[in-house]
Amino acid sequence: MDKEERRWLFVLIAVFLVFNAFTLSPLIPWQGWLLWSRPEPSQRFAIHAEDYRFELPPGGIEFGAGEYVEFVATSGDVTYGFGAFRPDGTLVFQMQVLPGMENRMIWRFDEPGSYDVRSTEYSGPRHSEMYVPGAIRVIP
Ligand SMILES: [Cu+2]
């Protein structure tokens, strides 16, 4: 490696370090709770996916806006996705649901309303049936 290559390598490493230090720092508004805090969820909701169906908690999924809640998703057969969508179809969050493990996500919904649940991972021919309109209710 000659001097010119070493200089470029140093520049690339410096760019990498500065970029990561900035994007992971608390200067980015959402990093305040996404990365540097361990919010304690007020509720946990168990979701099970199997045979192209979601089994949601019997009492439904309802909580207040601004609360941290935890979704614990399991699969009884293949890999699914668990995605929460606004009524206009835009994605709020999603996670993969791998069989044989508890897949966890802590989230805070700031906007009250009703959210749909869909599988966001192609899981097979009946994947598109995995749609539960209004499954998540966020109250003011
Ligand atoms: Cu699917």
For the [atom1] atom of [X] and the [atom2] atom of [Y], what is their distance to the nearest 0.5 Å?
X: Phe19; Y: Leu24; atom1: CZ; atom2: CG; answer: 8.5 Å
X: Arg7; Y: Glu5; atom1: CZ; atom2: CD; answer: 11.5 Å
X: Glu70; Y: Arg44; atom1: CD; atom2: CZ; answer: 4.5 Å

[X], [Y]: one ILVMFWY side-chain cluster at the under-4.5 Å cut-off?
X: Leu9; Y: Phe16; result: yes
X: Ile61; Y: Met105; result: yes
X: Tyr68; Y: Val72; result: no
X: Val15; Y: Trp8; result: yes
X: Val92; Y: Val69; result: yes

Practice item. Give a yes or no on whether the backbone of Met101 and the side-chain of Asn103 come within a donor-acceptor separation of less than 3.5 Å. Key: yes

Check your understanding: Backbone N or O of Arg86 within a donor-acceptor pair of the Thr90 side chain at under 3.5 Å?
Key -> no

Review point. Any side-chain donor-acceptor pair under 3.5 Å between Glu67 and Ser42?
Key: yes

Exercise for review: Determine, stepwise, if the pair Met130 / Ser123 fulfils side-chain contact (heavy atoms from CB on, under 4.5 Å).
Suggested key: CA-CA 10 Å; Met130 300 183 74; Ser123 44; 3.9 Å; yes

Would you say [X] and [Y] make side-chain contact, with heavy atoms under 4.5 Å?
X: Ile106; Y: Pro39; answer: yes
X: Pro112; Y: Ile139; answer: no
X: Phe71; Y: Ile136; answer: yes
X: Ser25; Y: Thr23; answer: no

Point to revise | CA sep, side-chain torsions, deciding dist, call: Arg104, Glu102, salt bridge (Lys or Arg N to Asp or Glu O under 4.0 Å) | key: CA-CA 6 Å; Arg104 296 171 176 275; Glu102 290 188 334; 2.6 Å; yes

**Study point:** Derivation of the side-chain contact (heavy atoms from CB on, under 4.5 Å) call for Ile47 and Thr74
**Key:** CA-CA 6 Å; Ile47 291 110; Thr74 54; over 6 Å; no

Practice item. Could you walk me through whether Phe82 and Val117 pass the side-chain contact (heavy atoms from CB on, under 4.5 Å) test, one step at a time? Key: CA-CA 7 Å; Phe82 177 77; Val117 165; 3.6 Å; yes

According to the interplanar angle, ranging from 0 to 90°, do the rings of [X] and [Y] count as parallel (below 30°), tilted (30 to 60°) or perpendicular (above 60°)?
X: Phe109; Y: Tyr115; result: perpendicular
X: Phe63; Y: Phe45; result: tilted
X: Tyr52; Y: Tyr80; result: perpendicular

Shortest non-hydrogen contact from [X] to [Y]?
X: Glu62; Y: Gln43; answer: O-NE2, 3.3 Å
X: Ala65; Y: Asp110; answer: CB-O, 3.8 Å
X: Ser119; Y: His127; answer: O-CE1, 3.1 Å
X: Thr79; Y: Pro99; answer: OG1-CD, 3.6 Å
X: Ser114; Y: Gly134; answer: OG-CA, 3.2 Å
X: Gln96; Y: Gln94; answer: N-OE1, 4.4 Å

Exercise for review: Would you list the pairs meeting salt bridge (Lys or Arg N to Asp or Glu O under 4.0 Å) in which at least one residue belongs to residues 113-133, sequence neighbours left out?
Suggested key: Asp51-Arg126, Arg126-Glu129

Review point. Within a radius of less than 6.0 Å around CD of Glu111, do more than 12 heavy atoms belonging to other residues, nucleotides or ligands occur?
Key: no

